[in-house]
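To keep things clear, I will list the structure first and then write my remarks on it.
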Protein chains: 2
Amino acid sequence: MPKSPHSSQAFPRPFTTVDVVIFTVIDDQLHVLLVKRPTGEAEPYPGMWALPGGYVDIERDKDLEACALHKLQEKTGVKSPYLEQLGSWGSASRDPRGWTATHVYFAILPHAAIKPDPDSHATEIGWFPVKGDGIGRKLAFDHTAILETAITRLRSKAEYTSLPAYLLTETFTLSELQHVFAVVLGRPVDKSGFRTRVLSAGLVEEADGVKTGASRPAQLYRLKSPKNLTFFPRTFNPRKE
Amino acid sequence: MPKSPHSSQAFPRPFTTVDVVIFTVIDDQLHVLLVKRPTGEAEPYPGMWALPGGYVDIERDKDLEACALHKLQEKTGVKSPYLEQLGSWGSASRDPRGWTATHVYFAILPHAAIKPDPDSHATEIGWFPVKGDGIGRKLAFDHTAILETAITRLRSKAEYTSLPAYLLTETFTLSELQHVFAVVLGRPVDKSGFRTRVLSAGLVEEADGVKTGASRPAQLYRLKSPKNLTFFPRTFNPRKE
DNA sequence: TTGACATAGTTGCACATAACAACTTAGTAA
DNA sequence: TTACTAAGTTGTTATGTGCAACTATGTCAA
């Protein structure tokens, strides 16, 4: 916290920004949203893809999370996704314009919910499939490393929390839930074990109705506590490598 | 990241600070280091206890972690402790002097290693025992909440990583290791289970020598990879509550 | 109407590991 | 030499997961 004898205004401050890593599942694959950097003269990393974000507006944003939510809504139209702080990155070298610190959030949401704000199509946006620990492309600033951290965090939390459930709409079948876990984890998940763990962890409760298709109808479920993550007591790992 | 048409200097920036939550074990109890706020006229929260920290100095600090290390060394004299980013807190209201964002780190270190820098005794410092999820005292700024988050994170990581090992000096006995785990977790830890887990996780390796006392001498061990946390495959929980 | 198909959902066994408790070992000190 | 203390080991039990085979219940085409 601020030291005493300084007049707070006295010395130069870093720039403060917020970036958001936005994940969704499209066509059975994890995707992340990126925006194209402008190509102006004084712009750093012109034309490169970057995480959506920008300066904190101390007039508009009452706190960091509000700022992240604003940026998220701008790009996706979604107002209340799962949003969690990922960390912060700050250094003299990460932006050629000077010392900056960025506060990074990550959000995950169902693809069906996305409707980008038509007013804010100034910048080009794109969804990129996640392969391995990145997207196989160098991003602007230190965003390659930030994205890698986000992917690691997402995968890691999928091992022991209900996180991937936020990739689905309000009601879903257990098979759909199992499927998004498998997509995020990047490996198959055993049906029987998954069901018993999910049910005994109290992660979901039955919803009215079933989902019909070309086979046996499936019971619909919803998250029991949609506001918070639910934790599993143990992880599910394949027995042999 | 910075948006395009703005000249970066154009609009007002938040203050940027770094705070550090420093944990150690003294007398079989977890303690946290706090500093007393100055009592000047224009000072916020005069005389209250707060986490050590201060403004980022963009001349001196090449990045956020360097800034945190500097503040840590100032208060404890320790140069390379276990240091991890906890998160960031930023809002218009957390400091009466204006919009600030703080990047918070947490460090844990052996009590024996602490020798506060004699040059920087300007501010009064104190070690406070952690009881439950705090220290039973209201802190300056939003530091009460930040400390609570740090304690939760520390406890949580003690369930499945080698984190508490950094409370000990380089070599230690398995009983000492078990003891710091029990102190951090706030509950007894089974001896036999602890030993097999620690050894099979490859957390430690034998060091030369034994620790003698009034009973059977104990083998000394050291961390196998002191630079990184080691993860346990599972948690250790008591069977019945 | 019926039988093939597909996916939902269940059951049962094998195996690994953790919790618990009782035990043995190896030193000190009176 | 014996009591004491803490280190370190062993064995038993309970639990839960991985795996695989099985049953249930719908659609759809012949």
Side-chain angles (χ1 to χ4, degrees), chain A residues 28 158-162 168 171-183 185-222 230-241, chain B residues 28 158-162 168 171-183 185-222 230-241:
Chain A
D28 297 347
E159 296 282 357
Y160 63 97
T161 76
S162 56
L168 298 173
T171 62
F172 46 81
T173 70
L174 290 188
S175 293
E176 288 167 344
L177 187 62
Q178 181 190 335
H179 182 250
V180 289
F181 269 85
V183 166
L185 292 171
R187 63 173 146 84
V189 169
D190 175 64
K191 178 169 57 165
S192 154
F194 182 79
R195 296 175 80 93
T196 51
R197 287 195 53 202
V198 160
L199 293 172
S200 72
L203 195 150
V204 296
E205 60 188 9
E206 284 195 8
D208 291 338
V210 292
K211 176 170 181 174
T212 55
S215 75
R216 178 174 174 175
Q219 178 65 48
L220 288 175
Y221 289 85
R222 75 167 65 84
T230 305
F231 287 77
F232 292 105
R234 317 250 158 168
T235 61
F236 27 30
N237 292 313
R239 185 156 291 163
K240 298 234 156 61
E241 249 318 271
Chain B
D28 298 347
E159 297 280 358
Y160 62 96
T161 77
S162 56
L168 299 173
T171 62
F172 46 81
T173 70
L174 289 188
S175 292
E176 289 168 343
L177 187 62
Q178 181 190 335
H179 182 249
V180 288
F181 269 84
V183 166
L185 291 171
R187 63 173 146 85
V189 169
D190 175 64
K191 178 169 56 166
S192 157
F194 183 79
R195 295 174 80 93
T196 52
R197 288 194 53 200
V198 159
L199 294 172
S200 71
L203 195 150
V204 295
E205 60 189 9
E206 284 194 6
D208 291 338
V210 292
K211 175 167 183 176
T212 55
S215 74
R216 178 175 176 174
Q219 178 64 49
L220 288 174
Y221 289 84
R222 74 167 66 84
T230 305
F231 288 76
F232 292 105
R234 314 255 159 164
T235 60
F236 28 30
N237 292 311
R239 185 156 290 164
K240 298 235 156 60
E241 245 323 271

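Here is the naming used below: chain letters follow the sequence lines, and residue numbers restart at 1 for every chain. This is a predicted model, so every value here is computed, not measured.
Proximity of B:S175 to the phosphate of D:dA7: a side-chain N or O atom is located under 4.0 Å from OP1 or OP2. Listed pair A:R197 / D:dT17 meets the phosphate criterion, a side-chain N or O lying under 4.0 Å from OP1 or OP2. The side chain of B:R195 places an N or O atom within less than 4.0 Å of a non-bridging phosphate oxygen (OP1 or OP2) of D:dG8.
With hydrogens and angles disregarded, a donor-acceptor distance shorter than 3.5 Å links the side chain of A:T196 to the backbone of A:G193.
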Can you list the steps and then say if A:D28 with A:H179 is a side-chain contact (heavy atoms from CB on, under 4.5 Å)?
CA-CA 8 Å; A:D28 297 347; A:H179 182 250; 3.0 Å; yes

For side-chain contact (heavy atoms from CB on, under 4.5 Å), just list the numbers for A:Y221 and A:L199, CA-CA rounded to whole Å, side-chain angles, deciding distance to a tenth of an Å, and then say yes or no.
CA-CA 10 Å; A:Y221 289 85; A:L199 293 172; 4.0 Å; yes

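Atom CZ in B:F194 sits roughly 18 Å away from atom P in C:dT17 (whole-Å rounding). In this entry the distance linking CZ of A:F172 with P of C:dT7 reads 20 Å, nearest Å. The NZ atom of B:K211 sits 15 Å away from the P atom of C:dT28 (whole-angstrom rounding). Taking atom CD of B:E176 as the reference point, atom P of D:dA6 lies 13 Å away to the nearest angstrom. Taking atom NZ on B:K191 and atom P on D:dT5, their separation rounds to 14 Å, with Å as the unit. Here D:dA6 presents its P atom at 13 Å from CD of B:Q178, a figure rounded to the nearest Å. What separates CG of A:L199 from P of D:dT17 is a distance of 12 Å, to the nearest Å. The nearest whole Å value for the distance from the CD atom in A:Q219 to the C1' atom in D:dT25 is 13 Å.
Along DNA chain D, the nucleotide nearest to B:Y221 and the one nearest to A:T196 differ in position, and the one closer to the 5' end is contacted by B:Y221.
DNA chain D is contacted by no residue of residues 200-208 of chain A, taking any non-hydrogen atom closer than 4.0 Å.
Listed candidates were C:dA6, C:dA19, C:dG9. Nearest to the side chain of B:D190 is C:dA19.
Applying the salt bridge (charged side-chain N to carboxylate O under 4.0 Å, His left out) rule to pairs touching residues 205-214 of chain A yields A:E176-A:K211, A:E205-A:R222, sequence neighbours excluded.
For a distance-only test at 3.5 Å, the side chain of A:R216 qualifies as a donor-acceptor partner of the base of D:dA24.
Within 4.0 Å (heavy atoms only), B:S192 reaches at least one base atom of the nucleic acid. At a threshold of 4.0 angstrom between heavy atoms, the contacts of B:A218 are confined to the sugar-phosphate backbone, with no base atom among them.
Salt-bridge annotation for A:R187 and A:E159: present, with a side-chain N of the basic residue lying under 4.0 Å from a carboxylate O of the acidic one.
Contact record, B:L203 with B:L177: CD2-CD2, 4.3 Å, taken as the closest heavy-atom pair.
Note on ring orientation: taking the six-membered ring where Trp is involved, the planes of A:F232 and A:F181 are perpendicular (angle over 60°, cut-offs 30° and 60°).
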